[in-house]
Amino acid sequence: MGLGGCIILIAVGAILTFATDWDMQGVNLDLVGIIFMIVGLIGVATFSSIARRRRVVVPPATPVVDDPRLHNRDGYSDGYGV
């Protein structure tokens, strides 16, 4: 279940808990809504911890060559126009 599914669970749980006044025999809709919200919050926490772990900085595959001759190129000291 992705982040969108978790947010939908939280929204449906909030609607069942706070915005409805239905009475179903044998089912407490307030409790069902609270359960949906808790499951959605657990899903958001799990998704964010997994997404945080995926962001790993990978070093470049090619080595970086530091050539000191290339640092001070002003256009006149590179051998052209001497």
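- Summarising the geometry, atom CG belonging to L3 is positioned 11.5 Å from atom OG1 belonging to T46; distances are rounded to the nearest 0.5 Å.
- Closest heavy-atom contact between T20 and L16: OG1-O, 2.8 Å.
- For the side-chain contact (heavy atoms from CB on, under 4.5 Å) test, residues two or more places apart in sequence or in another chain that qualify with I8 are V12.
- Using modelled atom types, no side-chain atom of T17 and backbone atom of A14 make a donor-acceptor pair closer than 3.5 Å.
- I7 and L41 end up in the same hydrophobic cluster when Ile, Leu, Val, Met, Phe, Trp and Tyr side chains are linked at under 4.5 Å.
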Without placing hydrogens or testing angles, list every side-chain donor-acceptor pair under 3.5 Å for residues 21-37, not counting sequence neighbours.
| from | atom 1 | to | atom 2 | distance (Å) |
| --- | --- | --- | --- | --- |
| N28 | OD1 | D30 | N | 3.3 |

